[in-house]
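A short worksheet on the structure shown next.
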Amino acid sequence: MSIYLHDTLRGEKIEFEPLKAGEVTMYLCGPTVYNYAHIGNARPAVIFDLLARLLRRRYKLTFARNITDVDDKINQASIETGKPIGEISERFIKAYNDDMAALGVLPPDIEPRATQHVDEMIEMIVKLLDKGCAYKAEGHVLFDVLADPGYGKLSKRDIREMIAGARVEVAPYKKAPQDFVLWKPSTPELPGWESPWGRGRPGWHIECSAMSVAHLGRTIDIHAGGQDLVFPHHENELAQSTCIHDGEPFARFWVHNGFLSIDSTKMSKSLGNVLLVHDLIKTIRGEVIRLALLSAHYRQPLDWSDETLDDAHRKLDRLYGAVRGIDIDDAVRSSARPPATFVEALEDDLNTPRALAGMFDRARALNKTEDPVERQKLAAELLAAGDLVGLMQSDPEEWFAGPDEGDMDAAEIESLLAQRERARSNGDYAAADKIRDNLADRGITIEDGSSGTRWRRS
RNA sequence: GGCUAGGUGGCAGAGUGGUUAUGCAGCGGCCUGCAAAGCCGCGGACAUCGGUUCGAUUCCGUUCCUAGCCUCCA
């Protein structure tokens, strides 16, 4: 069984083979660091973290996720707050990495920053001018989309139709409305770099072309991002890189995740429904968010609501419940492999719902069997599956004990349970049930079992 | 208007040309002092209209609906 991925350019699921045997290069468009990441930003981060984990099982992966730290939105934030640009970007780079870490996202191998690659961008723009793919106009350098016969093939658009149907105000110096800025002049108060065209700053798209070739080479195996980047961002990257490299393929697989909506509506600042990961993780455990993000197939739209989170929480309750109280030998744990059907589901274009279903099947088998050796083996395999998808990373007891800031601490709960146990052994079930009801009112559910009474926060 | 992706049981969400998704919820049973957790079983679905086929939820086309993109955006 191989890994299969849906390629946006070819429009179908295709067996993945790296260009160079045994080695894979992957580039993900990362954050523009002018604010905290919202839950929609987290979806590609989590999904492609999972893809990276999956690829590492088979290949030597080099995974780059860039940081856009030169952008007009950052400039705007600087003007609004009066803080230097570098301070803003540093702050949000750290916040981004902390927030993603809370969701179980492992760091990429390389995290290149746009500001560290301006020289390469300038070199690329010079080449684009030389090759006739770009032109200068009023201090700007623009990419000439009509010079690229393949323009539009990634997003499946007909450039001529788009020109005819254009309804946006077009800058007068553009030859075609879709021509995009490679370089633009900066005023003295804006960040800028010296260039053959005067002091200025790069357009957005050129940075990814420059950073991917700098770190991963001319042809990368996988280029990933959100669906909304297909046009214009990735279409433009593709056009630039293809022109500069004389038609050499830029990315062999284009992989895009679907959009996330909030309560069935688009997340937008004007609606005030932007959910920041930074805020969510204050009250919701990262694993719950991660599972919620993986509960739908990555190319499908995902609607985010309180129910999505409740659902994810209950799923984790079930998974943790299956492994709770099982003492797994270290050797068994470390030698366990995730179930084959589980891995196959993931390798089939990252079918996380099917993979998760496989984990639940494993959980049921585990709950069913009495044999201690078998139980250890199944539990270890379930945890190995969890390791691969970045779930079930806590101790089950910690999971059920819940966050520390509950309104009762563990000692108080244990003391009440001891009282209840005395009442039960005296046959005073009325008193025992009263204690249980009181605990339930405060969010504590108890379970009497053969090995004593367990509790959890619900 | 154009492009792309979808419309699956109460909800979420996979998949398949003829046979169980899975989780939650519901119903019945087992277990339990009673619960909870767990186990067993049950019901309930493939938007619409046509076509292809021995047979379609699955393939093809129509209609309706939804989302995203077409402008900064994961």
Side-chain angles (χ1 to χ4, degrees), chain A residues 6 8 11 28-32 34 37-48 71-73 76 152 155-158 161-162 164-170 177-178 204 224-233 235 256-261 264-269 274 291-292 295-303 305 307-308 310-319 321-322 324-325 345 348 351-361 363-370 400 424-425 427-430 432-433 436-437 439-440 444-450 453-456 458:
Chain A
H6 180 95
T8 305
L28 170 64
C29 290
T32 300
Y34 70 106
H38 57 65
I39 188 65
N41 297 312
R43 174 126 101 140
V46 167
I47 284 165
F48 297 113
D71 184 277
D72 286 347
K73 288 192 289 274
Q76 187 62 32
S155 54
K156 298 174 175 49
R157 277 156 219 267
D158 186 321
E161 263 179 35
M162 286 171 64
R167 54 178 202 193
V168 210
E169 197 182 328
V170 179
Q178 283 71 29
W204 176 33
Q227 212 164 48
D228 55 329
L229 292 183
V230 174
F231 189 88
H233 186 51
E235 189 75 61
H256 294 101
N257 66 274
F259 233 67
L260 183 141
S261 56
S264 310
T265 51
K266 181 176 173 163
M267 180 163 48
S268 75
K269 275 186 187 161
V274 176
L291 177 50
S295 62
H297 183 85
Y298 77 94
R299 280 190 285 117
Q300 293 302 118
L302 174 65
D303 189 47
S305 67
E307 212 186 335
T308 313
D310 289 345
D311 222 61
H313 193 104
R314 283 192 288 255
K315 283 176 178 171
L316 282 165
D317 277 344
R318 181 157 167 83
L319 293 173
R324 190 179 193 183
D348 183 13
N351 193 330
T352 49
R354 215 170 83 210
L356 289 168
M359 288 179 77
F360 290 112
D361 287 340
R364 188 188 302 102
L366 175 53
N367 286 330
K368 224 161 139 171
T369 184
E370 301 280 330
F400 287 111
R424 286 179 77 207
S425 53
D428 186 356
Y429 292 117
D433 290 351
R436 182 170 63 194
D437 290 345
L439 284 166
I444 310 296
T445 307
I446 63 177
E447 300 168 15
D448 295 325
S450 53
T453 298
R454 302 199 285 209
W455 60 274
R456 64 190 170 95
S458 40

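Convention: sequence-line order gives letters A, B, ...; per-chain numbering from 1. These figures come from a predicted structure and were not determined experimentally.
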Verify stack between A:Phe259 ring and B:G68 base, 5.5 Å, 30 degrees: no
A:Lys315/A:Asp311 ion pair, N-O < 4.0 Å: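 Result for this pair is yes, salt bridge flagged.
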Touch class at under 4.0 angstrom, heavy-atom based, for A:Ile446 against every strand present: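 Since a base atom lies under 4.0 Å of A:Ile446, the category is base.
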Sugar-phosphate, base or nothing in reach of A:Gly225, heavy atoms under 4.0 Å: sugar-phosphate
Any A:Asn367 side-chain nitrogen or oxygen under 4.0 Å from OP1 or OP2 of B:C39: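 It does, given that an N or O in the side chain of A:Asn367 lies less than 4.0 Å from OP1 or OP2 of B:C39.
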Under 4.0 angstrom between A:Lys368 side-chain N/O and B:C40 OP1 or OP2: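 True: A:Lys368 side-chain N/O within range (under 4.0 Å) of B:C40 OP1/OP2.
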Using only modelled atom types and a 3.5 angstrom limit, is any donor from either the side chain of [X] or the base of [N] paired with an acceptor on the other?
X	N	answer
A:Asn351	B:G15	no
A:Asp448	B:C34	yes
A:Arg43	B:A74	no

C1' atoms of B:U57 and B:A21, separation to the nearest Å: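 Here B:U57 and B:A21 have their C1' atoms 14 Å from each other.
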Pairwise C1' distance for B:C27 and B:U63, with rounding to whole Å: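 That atom pair is separated by 39 Å.
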Pairs: protein N or O with nucleotides 21-23 of chain B N or O, under 3.5 Å:
unit_1	atom_1	unit_2	atom_2	d
B:G23	OP1	A:Arg364	NH2	2.9

Heavy-atom closest pair, residues [X] and [Y]:
X	Y	value
A:Ala296	A:Leu302	CB-CD1, 3.8 Å
A:Asn367	A:Ala322	OD1-CA, 3.6 Å
A:Arg299	A:Gln227	O-NE2, 4.4 Å
A:Lys156	A:Thr8	NZ-O, 2.9 Å
A:Leu229	A:Gly225	CD1-CA, 4.3 Å

Atom-pair distance ([atom1] on [X]; [atom2] on [N]), nearest Å:
X	N	atom1	atom2	result
A:Gln227	B:A5	CD	P	9 Å
A:His256	B:A5	NE2	C1'	14 Å
A:Glu370	B:C40	CD	P	12 Å
A:Phe231	B:C70	CZ	C1'	7 Å
A:Asp433	B:A35	CG	C1'	8 Å
A:Arg456	B:A35	CZ	C1'	12 Å
A:Leu260	B:A67	CG	P	15 Å
A:Gln178	B:C70	CD	C1'	9 Å

Watson-Crick and G-U pairing of RNA chain B, under 3.5 Å, as dot-bracket with | and [ ]: (((((((..(((.....[...))).(((((.......)))))....(.(((..]....))).))))))))....
Side chain proximity check, A:His313 to A:Asp310, heavy atoms < 4.5 angstrom: no
A:Arg364 and A:Arg318, any side-chain heavy atoms less than 4.5 Å apart: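 Side chain of A:Arg318 against side chain of A:Arg364, heavy atoms only: contact under 4.5 Å found.
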A:Arg454 or A:Gly11, whichever maps to the more 5' nucleotide of RNA chain B: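 It is A:Gly11 whose nearest nucleotide is closer to the 5' end.
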5'-most by nearest nucleotide on RNA chain B - A:Lys156 or A:Gly40: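 Closer to the 5' end of RNA chain B: A:Lys156.
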Considering only side-chain heavy atoms of [X], which listed nucleotide, [options], is closest?
X	options	answer
A:Glu447	B:A37, B:C69, B:G13	B:A37
A:His297	B:A74, B:C72, B:A14	B:A14
A:Arg424	B:C34, B:C72, B:A74	B:C34

Lys NZ or Arg CZ of A:Arg454 over A:Phe400 ring: under 6.0 Å, within 45°: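 No, cation not above the ring by the 6.0 Å, 45° rule.
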Any donor-acceptor N/O pair, A:Thr308 side chain to A:Asp303 backbone, under 3.5 Å: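 Such a contact is found between A:Thr308 side chain and A:Asp303 backbone.
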Full working for salt bridge (charged side-chain N to carboxylate O under 4.0 Å, His left out) between A:Asp433 and A:Arg436: CA-CA 5 Å; A:Asp433 290 351; A:Arg436 182 170 63 194; 3.4 Å; yes
